[in-house]
Colleague: 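Just passing along the structure, written as structure tokens.
Side chains are part of it too, since the values below use all heavy atoms of this structure and drop only hydrogens, waters and symmetry mates.
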Amino acid sequence: MIQAADNNNLHIAAEMAAELWDASKQELLEQFKDILNNKKGVLYLKYVGNIPVGFAQCQLRNDYVEGTDSSPVGYLEGIFVREEYRKNGYAKELLNACQQWSKNQGCIEFASDCEQDNADSLEFHMKTGFTEANRIICFTKLL
């Protein structure tokens with residue numbers, strides 16, 4: 001079952017997001033509350049029975065999105081399935097929910113990204129119909 005997260009289960013999405021990203025559960029929980037409150041994004045949870053096994057975060061992007069021609073664009077900000085539940089099509093179910101939400105918001109394009117060395121994410125994106133738009137290397141330095 002795929003379910004849109006709400007204030008009652010948002011902590012579950014934050015817990016899984018903390019496994020995916022280098023951020024604290026509390027920090028993510030606050031960010032996710034903002035996303036739900038401004039209605040410019042959605043978080044979905046995947047359940048197997050009553051066990052939460054994955055999440056996806058999707059938002060509308062109105063700024064330029066690499067490789068797109070329209071605005072807003074639905075954007076897959078993150079997707080995660082716990083390791084023991086992978087290879088069952090759950091990430092694809094979460095992606096489909098995000099894409100449908102984006103269509104319902106009037107989007108005609110959908111985008112995402114991944115780190116250049118994340119082979120699993122690259123494979124997932126390519127298998128689910130994305131096409132590569134560009135590769136960049138970002139730089140920073142202290143002033």
Side-chain angles (χ1 to χ4, degrees), residues 1-140:
M1 167 183 68
I2 302 286
Q3 179 183 27
D6 59 26
N7 287 324
N8 295 321
N9 56 13
L10 202 56
H11 66 283
I12 296 169
E15 183 179 299
M16 284 189 267
E19 292 182 49
L20 178 62
W21 296 313
D22 186 23
S24 75
K25 179 181 170 183
Q26 188 59 40
E27 179 183 354
L28 290 163
L29 186 59
E30 294 305 316
Q31 289 176 13
F32 290 172
K33 284 179 184 177
D34 287 343
I35 290 166
L36 292 184
N37 289 337
N38 72 25
K39 301 196 184 329
K40 295 290 185 186
V42 66
L43 292 124
Y44 285 107
L45 294 168
K46 168 65 182 172
Y47 289 88
V48 174
N50 62 352
I51 301 169
V53 302
F55 92 98
Q57 177 187 351
C58 176
Q59 289 183 231
L60 297 179
R61 288 203 179 179
N62 292 295
D63 54 332
Y64 174 71
V65 174
E66 192 74 37
T68 65
D69 296 315
S70 63
S71 182
V73 172
Y75 204 89
L76 181 65
E77 302 289 346
I79 191 163
F80 175 81
V81 175
R82 291 197 165 124
E83 190 170 349
E84 62 271 25
Y85 292 95
R86 293 180 185 162
K87 305 293 184 191
N88 290 303
Y90 299 152
K92 188 173 182 178
E93 289 179 37
L94 287 161
L95 173 62
N96 289 340
C98 289
Q99 291 175 153
Q100 187 59 54
W101 178 85
S102 298
K103 284 182 187 179
N104 293 346
Q105 304 307 306
C107 297
I108 60 171
E109 292 180 286
F110 192 79
S112 184
D113 63 63
C114 73
E115 297 290 329
Q116 288 190 19
D117 63 348
N118 190 337
D120 290 339
S121 183
L122 176 60
E123 180 182 1
F124 169 75
H125 283 86
M126 299 308 285
K127 282 185 175 180
T128 56
F130 286 92
T131 56
E132 189 173 316
N134 194 12
R135 289 192 184 212
I136 62 170
I137 298 173
C138 300
F139 300 94
T140 65

Colleague: Quick one: pull up OG in Ser121 and CD in Gln116 and give me the separation to the nearest 0.5 Å.
Modeller: 12.0 Å
Colleague: Surrounding CD of Glu83 (heavy atoms of other residues, nucleotides or ligands, distance under 6.0 Å), is the total greater than 12?
Modeller: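 Not buried by this count: 12 neighbours or fewer within 6.0 Å.
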Colleague: Counting distance only, does the side-chain N/O of Asn118 pair as donor-acceptor with the main-chain N or O of Glu115 below 3.5 Å?
Modeller: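 It does not hold such a pair.
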Colleague: Partners of Tyr75 by side-chain hydrogen bond (donor to acceptor under 3.5 Å, both in side chains), sequence neighbours excluded?
Modeller: Asp113
Colleague: Going from CG on Asp63 to OG on Ser71, what distance comes out if it is rounded to the nearest 0.5 angstrom?
Modeller: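 OG of Ser71 is found 7.5 Å from CG of Asp63.
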Colleague: Arg82: what forms a side-chain hydrogen bond (donor to acceptor under 3.5 Å, both in side chains) with it, not counting sequence neighbours?
Modeller: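 side-chain hydrogen bond (donor to acceptor under 3.5 Å, both in side chains) list for Arg82, sorted by chain: Glu15, Glu19.
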Colleague: For Gln100 and Asn104, run side-chain hydrogen bond (donor to acceptor under 3.5 Å, both in side chains): C-alpha distance rounded to whole Å, both residues' side-chain angles, the deciding distance at 0.1 Å, then the answer.
Modeller: CA-CA 6 Å; Gln100 187 59 54; Asn104 293 346; 3.0 Å; yes
Colleague: Does the side chain of Tyr44 come within less than 4.5 Å of Cys58's, by heavy atoms?
Modeller: no
Colleague: Could you pull out the closest heavy-atom pair between Leu94 and Phe80, with the gap in Å?
Modeller: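 Taking Leu94 first and Phe80 second, the nearest heavy atoms are CD1-O, 4.2 Å.
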Colleague: Run the side-chain hydrogen bond (donor to acceptor under 3.5 Å, both in side chains) test against Asp69 and tell me which residues pass, sequence neighbours left out.
Modeller: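 side-chain hydrogen bond (donor to acceptor under 3.5 Å, both in side chains) check on Asp69 returns nothing, list empty.
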Colleague: Report the distance from atom CE of Met126 to atom CD of Glu132, rounding to the nearest 0.5 Å.
Modeller: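 Interatomic distance, Met126 CE to Glu132 CD, rounded to 0.5 Å: 6.5 Å.
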Colleague: Mind checking side-chain contact (heavy atoms from CB on, under 4.5 Å) for Ala91 and listing every partner two or more places apart, or none if nothing turns up?
Modeller: Ile79, Val81, Phe124
Colleague: Using residues 20-27 as the side-chain source, report each donor-acceptor pair under 3.5 Å to any protein atom, sequence neighbours left out, with the distance given to one decimal.
Modeller:
from, atom 1, to, atom 2, distance (Å)
Ser24, OG, Glu27, N, 3.0
Gln26, NE2, Glu30, OE2, 3.0

Colleague: Within the side chain of Asn38, is there an N or O that forms a donor-acceptor pair under 3.5 Å with the backbone of Lys40?
Modeller: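 The answer is yes, because a donor-acceptor pair under 3.5 Å joins these two groups.
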Colleague: Please report, to 0.1 Å, the donor-acceptor pairs under 3.5 Å made by any side chain of residues 2-12, with sequence neighbours excluded.
Modeller:
from, atom 1, to, atom 2, distance (Å)
Asp6, OD1, Asn8, N, 2.8
Asp6, OD1, Asn9, N, 3.4
Asn9, OD1, Asp6, N, 2.8

Colleague: Distance check, rounded to the nearest 0.5 Å: Trp101 atom CH2 versus Phe110 atom CZ?
Modeller: 9.0 Å
Colleague: What distance separates Ile35 CD1 from Leu60 CG, expressed to the nearest 0.5 Å?
Modeller: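 Reported to 0.5 Å precision, the distance equals 11.0 Å.
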Colleague: Do Met16 and Pro52 have side-chain heavy atoms sitting under 4.5 Å apart?
Modeller: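 Counting from C-beta outward, Met16 and Pro52 do come under 4.5 Å.
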Colleague: What pair of heavy atoms forms the shortest contact from Ala111 to Thr68, and how long is it?
Modeller: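 Nearest heavy atoms, Ala111 then Thr68: CB-CG2, 4.4 Å.
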Colleague: Salt bridge between Arg61 and Glu66, side-chain N to carboxylate O under 4.0 Å?
Modeller: no
Colleague: Look at the side chain of Glu109 and the backbone N and O of Ser70, then say whether any donor-acceptor pair between them is shorter than 3.5 Å.
Modeller: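 Judged by distance alone, yes, a pair lies under 3.5 Å.
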Colleague: Determine the minimum heavy-atom distance between Gly74 and Cys107, stating which atoms define it.
Modeller: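 Smallest heavy-atom distance, with atoms named: N-SG, 3.4 Å.
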Colleague: With rounding to the nearest 0.5 Å, note down the distance linking NE2 in His125 to OG in Ser112.
Modeller: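 If we round to the nearest 0.5 Å, His125:NE2 and Ser112:OG are 2.5 Å apart.
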